[in-house]
> 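Before I ask anything, here is the structure I am working with.
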Amino acid sequence: MSDGGRPESVKPADESSLGRLDFLNLPPVINAAGKLTALGASAVYPAAARAGAEAARRYFVMEDLERAAGRFLSEVTGAEAGFVTSCAAAGIALSVAACVTEGDLNEISRVPFVHTRKNKIVVQRGHVINFGADLLQMVRLGGGEPVQIGSVNKVEPYALEGNLTDETAAVLYVVSHHTSSHGMLSLPEVIAAAEARNVPVIVDAAAESDLKKYVKSGADLVVYSGHKAIGGPTSGVVVGREPLISYCRRQNRGIGRTMKVGKESIVGLLAALSIFVEEAEQPRSEESEPADAVRMQQLMAAIGSWPGVTMTVVRDRTRPIHRLQVHVDPDKARLGADEVVRRLEEGNPIIKTRNHQLEHGIIQIDPRTMEPGDDAAIARRLRQIFSGAAD
Ligand SMILES: *Cc1c(COP(=O)(O)O)cnc(C)c1O
């Protein structure tokens with residue numbers, strides 16, 4: 001040991017060691033599934049990865065770094081304040097804890113087993129999703145007691161009105177393709193009703209890309225994933241009003257400690273955010289077809305036509321994302337969509353597709369996470385699979 005206790009065997013990263021993960025002995029993965037946690041969420045912008053790596057090798061007065069991060073988050077979202085946590089799920093739990101404890105340190109030290117009865121968190125039944133874990137568990141983790149209102153396909157205004165009581169700590173509103181697509185109260189309706197009762201509204205916008213919309217609409221706290229649309233390192237963002245954001249930050253003396261985020265993630269996230277915001281501000285021509293839609297059409301042509309295989313380019317329900325949808329008719333194609341997925345996944349590189357609708361014979365290819373050479377590799381593998389089945 002020398003140099004302040006740094007082990008001599010560990011050399012600072014140099015160019016030749018970057019990108020060398022051979023020691024892990026894992027085959028490469030082509031991600032055509034989207035920004036999924038199970039696949040490492042997103043490939044961080046190279047400049048953001050470099051900024052995070054640089055930060056990892058330095059010291060900071062962490063409180064100052066957190067405050068600077070808050071100022072930056074305010075700037076890009078238009079919110080009064082903001083803070084960085086370990087992921088959106090943590091952001092939900094901390095937002096709930098902020099609303100339930102209202103900053104009381106004794107209550108913060110007790111979360112999730114708080115004394116206050118003002119711990120009810122109202123959620124529309126069609127918003128009770130599972131994003132890999134149950135939304136309501138994050139509510140309970142933050143000391144909230146979920147109150148589900150209405151039915152999965154219908155929530156009437158009276159169900160909200162009637163459940164906003166003196167014991168309501170917040171309303172949680174979820175924006176996601178996982179929620180019920182109709183019959184839910186809109187965000188403006190929810191905000192109007194909650195505001196009239198002085199109840200804060202938390203918006204879970206984890207996977208959304210519009211960083212201003214929900215703040216502007218009057219939500220009190222808005223939660224984003226740092227590693228989804230923003231393309232940053234694994235992290236979460238909460239932005240909104242004071243003093244609620246301070247109450248979120250104060251949870252670091254309680255459950256927030258288990259959701260700690262380090263200097264490398266904070267700096268990496270901020271670097272990713274600045275690139276993301278700059279890209280989002282680039283003017284886009286409205287008439288021309290989005291580049292991803294064109295790219296998916298080209299992929300479709302490269303795959304070619306096969307018996308029992310129908311392909312179309314489809315748009316996401318809530319976001320401007322275009323994907324290639326491959327429908328496999330097991331009788332005509334002589335193999336099922338599940339078999340196609342199995343063969344995509346067992347090769348080298350591993351090819352991961354978006355399989356939410358696999359039981360309907362549908363495989364989707366998501367261009368957002370694909371690298372330039374991936375299209376050709378996917379087309380080649382699919383041609384092999386379909387031609388083998390057609391023999
Ligand atoms: C992904 C997601 C989450 C969880 O996000 P993490 O950052 O992975 O914790 C929560 N809510 C919604 C709507 C999501 O899509």
Side-chain angles (χ1 to χ4, degrees), residues 31 33-44 48 52 69 73 77 82-97 121 123-142 144 146 148 152 170-181 184 187 190 201-211 213-214 219 221-240 248 251 255-256 258-262 265-266 268-270 272-273 276 316-321 323 352 354-356 364 366 368-369:
N31 180 3
K35 302 192 171 188
L36 305 188
T37 297
L39 297 176
S42 53
V44 176
L73 290 173
T77 62
F83 90 114
V84 183
T85 180
S86 57
C87 62
I92 296 165
L94 295 177
S95 296
V96 167
I121 305 293
V123 196
Q124 304 187 69
R125 212 173 285 273
H127 283 190
V128 180
I129 60 167
N130 184 309
F131 44 74
D134 189 337
L135 178 82
L136 297 186
Q137 188 173 12
M138 305 312 137
V139 171
R140 294 191 190 96
L141 185 60
Q148 299 182 53
V152 282
V171 181
L172 175 57
Y173 187 98
V174 181
V175 185
S176 166
H177 62 284
H178 293 305
T179 63
S180 295
S181 57
M184 297 299 105
L187 184 59
V190 168
V201 175
I202 303 166
V203 174
D204 171 9
E208 298 305 301
S209 52
D210 193 326
L211 300 180
K213 182 176 171 182
Y214 306 103
L221 291 172
V222 187
V223 181
Y224 293 95
S225 248
H227 47 265
K228 288 184 176 171
I230 296 166
T234 305
S235 54
V237 167
V238 184
V239 292
C248 286
Q251 308 299 320
I255 56 160
T258 64
M259 305 162 187
K260 187 183 199 159
V261 68
S265 302
I266 296 175
L269 171 71
L270 299 185
L273 256 176
F276 176 77
D316 185 85
R317 188 154 62 77
T318 60
R319 298 167 294 172
I321 301 167
R323 304 188 180 96
K352 289 282 191 179
R354 195 171 178 89
N355 304 327
H356 300 330
Q364 284 193 343
D366 192 317
R368 286 174 300 160
T369 45

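Atoms within each ligand, like the ligands themselves, are counted from 1 in listed order. Remember, predicted model here, so these are calculated numbers, not experimental data. Atom set for the values below is all heavy atoms of this structure, side chains included, hydrogens, waters and symmetry mates excluded.
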> Taking R323 for its side chain and D366 for its backbone only, find out whether a donor-acceptor pair lies under 3.5 Å.
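Such a contact is absent between R323 side chain and D366 backbone.
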
> Determine, considering heavy atoms only, which of M138, K228, E208 sits nearest to atom 2 (C) of ligand 1.
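The residue whose heavy atom sits nearest atom 2 (C) of ligand 1 is K228.
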
> Heavy-atom contacts under 4.0 Å between L135 and ligand 1: side chain, backbone, both, or neither?
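Under 4.0 Å from ligand 1, L135 contributes no heavy atoms.
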
> Determine whether the side chain, the backbone, both or neither of S176 has a heavy atom under 4.0 Å from any heavy atom of ligand 1.
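Side chain only; the backbone of S176 stays clear of ligand 1.
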
> Could you tell me if the side chain of I202 sits less than 4.5 Å from the side chain of I92, heavy atoms only?
no

> Mind checking whether V174 and L135 have side chains closer than 4.5 Å, heavy atoms only?
yes

> Examine ligand 1 and decide if any of its atoms is less than 4.0 Å from a heavy atom belonging to H227.
yes

> Are the side chain of S235 and the backbone of T85 linked by a donor-acceptor contact shorter than 3.5 Å?
no

> Please state which protein non-hydrogen atom is closest to atom 13 (C) of ligand 1 and give its distance, to 0.1 Å?
D204 OD2, 3.3 Å

> Assess whether ring pair (Phe, Tyr, Trp, His ring centres under 6.0 Å) is satisfied between H127 and Y173, documenting all intermediate values.
CA-CA 7 Å; H127 283 190; Y173 187 98; 4.6 Å; yes

> Could you tell me the residue and atom name of the protein heavy atom closest to atom 10 (C) of ligand 1, and the distance to it rounded to 0.1 Å?
F131 CD2, 3.3 Å

> Who's the nearest protein heavy-atom neighbour of atom 7 (O) of ligand 1, and how far?
S225 OG, 2.4 Å

> Using side-chain contact (heavy atoms from CB on, under 4.5 Å) as the criterion, point out the one residue from V123, D134, T179 that pairs with I129.
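Exactly one candidate clears the test, T179.
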
> Under 4.0 Å from any heavy atom of I129, which atoms of ligand 1 are there?
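Counting atoms of ligand 1 from 1, those under 4.0 Å from I129 are 13 (C).
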
> A side-chain contact here means heavy atoms from C-beta on lying under 4.5 Å apart; do V223 and S95 qualify?
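They are in side-chain contact.
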
> Any N or O on A88 sitting closer than 3.5 Å to an N or O of ligand 1?
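Min N/O separation from ligand 1 is below 3.5 Å for A88.
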
> With a cutoff of 4.0 Å, is V223 in contact with ligand 1, counting heavy atoms of the residue only?
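Distance cut 4.0 Å: V223 fails for ligand 1.
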
> Quick check: does any side chain N or O of Y224 sit under 3.5 Å from a backbone N or O of A229, one acting as donor and the other as acceptor?
no

> Number the atoms of ligand 1 from 1 as they appear, then name those within less than 4.0 Å of a heavy atom of T37, with their elements.
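Contacts of ligand 1 toward T37, numbered from 1: 8 (O).
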
> Taking non-hydrogen atoms only, is A89 closer than 4.0 angstrom to ligand 1 via side chain, backbone, both or neither?
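It is both backbone and side chain that touch ligand 1.
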
